[in-house]
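What you see below is based on every heavy atom in this structure, not just the backbone, and it leaves out hydrogens, waters and symmetry mates. Source: prediction; values computed, not measured.
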Amino acid sequence: MRETNSCMVDVATLYIVPTPIGNLADITHRALDVLANVDLIAAEDTRHTSRLLSHFSISTRTFALHDHNEQQKADYLIEKLQAGTSIALVSDAGTPLISDPGYHLVNRCRQAGVKVVPLPGPCAVITALSGAGLPSDRFSFEGFLPPKSKGRRDTFQSLADDERTLIFYESPHRITDSLADMLAVLGPERQVVLARELTKTYETIHGAPLGELIDWLSEDSNRVRGEMVVLVAGHRKAKDDLPAEALRTVVLLVKELPLKKAAALAAEIHGVKKNALYKWGLENLD
């Protein structure tokens with residue numbers, strides 16, 4: 001362990017260090033201490049990180065570690081760690097690994113028995129969720145949406161019945177198309193919150209039913225600028241909604257049995273009313 005006036009940095013340790021997502025004042029004292037006292041900083045973009053370090057008068061050497069070289073460079077960094085080097089991992093903004101590089105390195109470190117110390121700090125997902133006004137007891141972060149329409153619609157379709165709050169990242173040049181695809185799958189009434197430019201001067205957190213949100217977005221071109229976090233309210237089951245598992249069971253059983261018998265068996269398996277399953281089958285199955 002190397003001790004300084006304000007920080008103790010362990011040798012042979014990888015530190016996961018979150019950095020500001022917009023407002024430089026959001027960096028923690030501990031993060032600054034670690035960045036100033038480790039032997040090496042592995043950065044997604046060394047030029048971007050050098051500006052952050054310069055702002056806080058930190059002169060630690062940097063090393064480029066990004067999506068295109070992470071798997072190749074992981075062994076090199078692990079060798080340095082095992083030799084006693086202390087390394088801080090940073091991304092361009094926010095917490096490393098959260099839709100940013102770092103997974104392969106951390107995974108390999110854990111396998112190799114290298115000590116990994118994660119620091120708490122800025123993260124756009126959590127920042128947006130805490131201010132969105134949507135249920136936060138259960139949520140699913142889905143990362144960046146697929147770049148093409150079919151991929152996005154398939155994603156929304158697979159999540160349409162999910163009762164958790166859903167969170168996505170999206171870029172400014174795709175947000176309009178992505179919301180249009182969401183509208184086609186989830187409909188205009190699903191509550192959606194758009195959080196953009198978080199912690200920056202023009203921070204905006206706006207929520208509305210999806211159809212209204214799309215209209216609001218189209219009223220001002222400035223509203224589609226900046227990195228976006230899109231939060232979608234989970235599916236709300238109606239009292240008479242049938243469990244998806246029960247419906248799938250009916251679909252499978254009806255291939256071998258009459259609908260009435262299939263509905264009765266599925267109802268017994270899943271504890272639902274057989275008449276409701278039978279009615280659903282009549283309306284939805286050929």
TODO: Examine distances only and state if a side-chain atom of T62 and a backbone atom of T46 form a donor-acceptor pair shorter than 3.5 Å.
DONE: no
Open item on the list: Within a 6.0 Å radius of atom CZ on F56, are there more than 12 heavy atoms belonging to other residues, nucleotides or ligands?
Closed with: yes
Task: ILVMFWY network linking V114 to L40, side-chain heavy atoms under 4.5 angstrom - done: yes
- [ ] Report yes or no: does S86 contribute a side-chain atom to a donor-acceptor pair with the main-chain N or O of D39 at less than 3.5 Å?
- [x] yes
- [ ] Would you indicate whether E268, at its atom CD, is surrounded by more than 12 heavy atoms from other residues, nucleotides or ligands within a distance under 6.0 Å?
- [x] no
Open item on the list: Give me the atom names and distance for the closest heavy-atom approach of L210 to G187.
Closed with: CD2-O, 3.6 Å
Open item on the list: Test side chain to side chain donor-acceptor pair (under 3.5 Å) on R225 and N222; report intermediate values, then the result.
Closed with: CA-CA 5 Å; R225 294 181 179 177; N222 288 319; 2.9 Å; yes
TODO: Find the distance between CG (L198) and CD1 (I205) and round it off to the nearest 0.5 Å.
DONE: 5.5 Å
Task: Heavy-atom closest contact (V224 atom, P172 atom, distance) - done: O-CB, 3.0 Å
Task: Under 3.5 Å: donor-acceptor pair, side chain of N69, backbone of H66 - done: yes
Open item on the list: Checking the side chain of S50 only, and the main-chain atoms of R47 only, is there a donor and an acceptor separated by less than 3.5 Å?
Closed with: yes
Open item on the list: Less than 4.5 Å apart, side chain to side chain, heavy atoms only: is that true for L35 and Y15?
Closed with: no
Task: Full working for side-chain contact (heavy atoms from CB on, under 4.5 Å) between C109 and L81 - done: CA-CA 9 Å; C109 284; L81 286 159; 3.7 Å; yes
- [ ] Provide the full list of ring pair (Phe, Tyr, Trp, His ring centres under 6.0 Å) pairs with a residue in residues 198-220, sequence neighbours left out, each pair given once.
- [x] H206-W216
- [ ] Measure the NE2-CD distance between H235 and E163 for me, rounded to the nearest 0.5 Å.
- [x] 6.5 Å
Open item on the list: Is any side-chain heavy atom of T19 closer than 4.5 Å to one of P122?
Closed with: no
Open item on the list: If you count every heavy atom of other residues, nucleotides or ligands that lies below 6.0 Å from E256 atom CD, does the total exceed 12?
Closed with: no
Open item on the list: Starting from L53, can I reach F63 by hopping between I/L/V/M/F/W/Y residues whose side chains sit under 4.5 Å apart?
Closed with: no
TODO: Hey, could you give me the CD/CG distance between Q71 and N107, rounded to the nearest 0.5 Å?
DONE: 10.0 Å
Open item on the list: I'd like to check L97 versus L89 (side-chain heavy atoms, cut-off strictly below 4.5 Å). Are they in contact?
Closed with: yes
Anything under 3.5 Å between a donor and an acceptor, one on a side chain of residues 135-146, the other on a protein residue two or more places apart or in another chain? List them.
residue : atom : partner : partner atom : Å
S140    : OG   : E142    : OE2          : 2.5

- [ ] Starting at CG of L179, measure out to CG of L194 and round the result to the nearest 0.5 Å.
- [x] 7.0 Å
Open item on the list: Using the side-chain hydrogen bond (donor to acceptor under 3.5 Å, both in side chains) definition, which of the options R152, K150, Q157 pairs with D154?
Closed with: K150
Open item on the list: Treating T13 as the side-chain partner and V11 as the backbone partner, does any N or O pair qualify as donor plus acceptor under 3.5 Å?
Closed with: yes
Task: Atom pair CG/CG of D161 and L186 - distance to nearest 0.5 Å - done: 9.5 Å
- [ ] Spell out, yes or no, whether L159 and L134 are grouped together once hydrophobic residues are joined by side-chain heavy atoms under 4.5 Å, including indirect joins.
- [x] no
Task: Expected output: side-chain T199 to main-chain N23 donor-acceptor under 3.5 Å - done: yes
Open item on the list: Quick one: does any side-chain atom of T127 pair with a main-chain N or O of C123 as donor and acceptor, under 3.5 Å?
Closed with: yes
TODO: Show your working on side-chain contact (heavy atoms from CB on, under 4.5 Å) between Y278 and V250 and close with a plain yes or no.
DONE: CA-CA 9 Å; Y278 181 65; V250 172; over 6 Å; no
Open item on the list: Just so I know, are the side chains of R30 and P120 near enough to count as touching, which here means a heavy-atom distance under 4.5 Å?
Closed with: yes
Task: Minimum side-chain heavy-atom gap L119-T95 below 4.5 Å - done: no
Open item on the list: Is it the case that the side chain of H270 and the backbone of V272 share a donor-acceptor pair, with hydrogens and angles ignored and the cut-off at 3.5 Å?
Closed with: no
TODO: Mind checking the CE-OG1 spacing from M182 to T155? Nearest 0.5 Å is all I need.
DONE: 10.0 Å
Open item on the list: When you measure from the side chain of R190 to the backbone of V185, do you find a donor-acceptor pair of N or O atoms at a distance under 3.5 Å?
Closed with: no
- [ ] Determine whether the side chains of S149 and D181 contain a donor N or O and an acceptor N or O closer than 3.5 Å.
- [x] yes
TODO: Write down the atom of D67, the atom of P101, and the distance for their closest heavy-atom approach.
DONE: OD1-CG, 3.5 Å
Task: Close side-chain approach of I167 to V229, heavy-atom, < 4.5 Å - done: yes
Open item on the list: How close do D92 and H48 get, counting heavy atoms only, and between which atoms?
Closed with: O-NE2, 2.8 Å
Task: Same apolar cluster (I L V M F W Y, side chains within < 4.5 Å links), L242/L252 - done: no
Task: Which atom of E219 lies closest to which atom of R223, heavy atoms considered - done: OE1-NH1, 3.3 Å
Task: side-chain contact (heavy atoms from CB on, under 4.5 Å) between L247 and L277, intermediate numbers included - done: CA-CA 7 Å; L247 301 182; L277 283 177; 3.9 Å; yes
Task: Side chain E197, main chain T204, donor-acceptor under 3.5 Å - done: no
TODO: Write down the atom of V90, the atom of V17, and the distance for their closest heavy-atom approach.
DONE: CG1-O, 3.6 Å
Open item on the list: Could you see if I175 belongs to whatever hydrophobic cluster contains F168? Use Ile, Leu, Val, Met, Phe, Trp, Tyr and a side-chain cutoff under 4.5 Å.
Closed with: yes
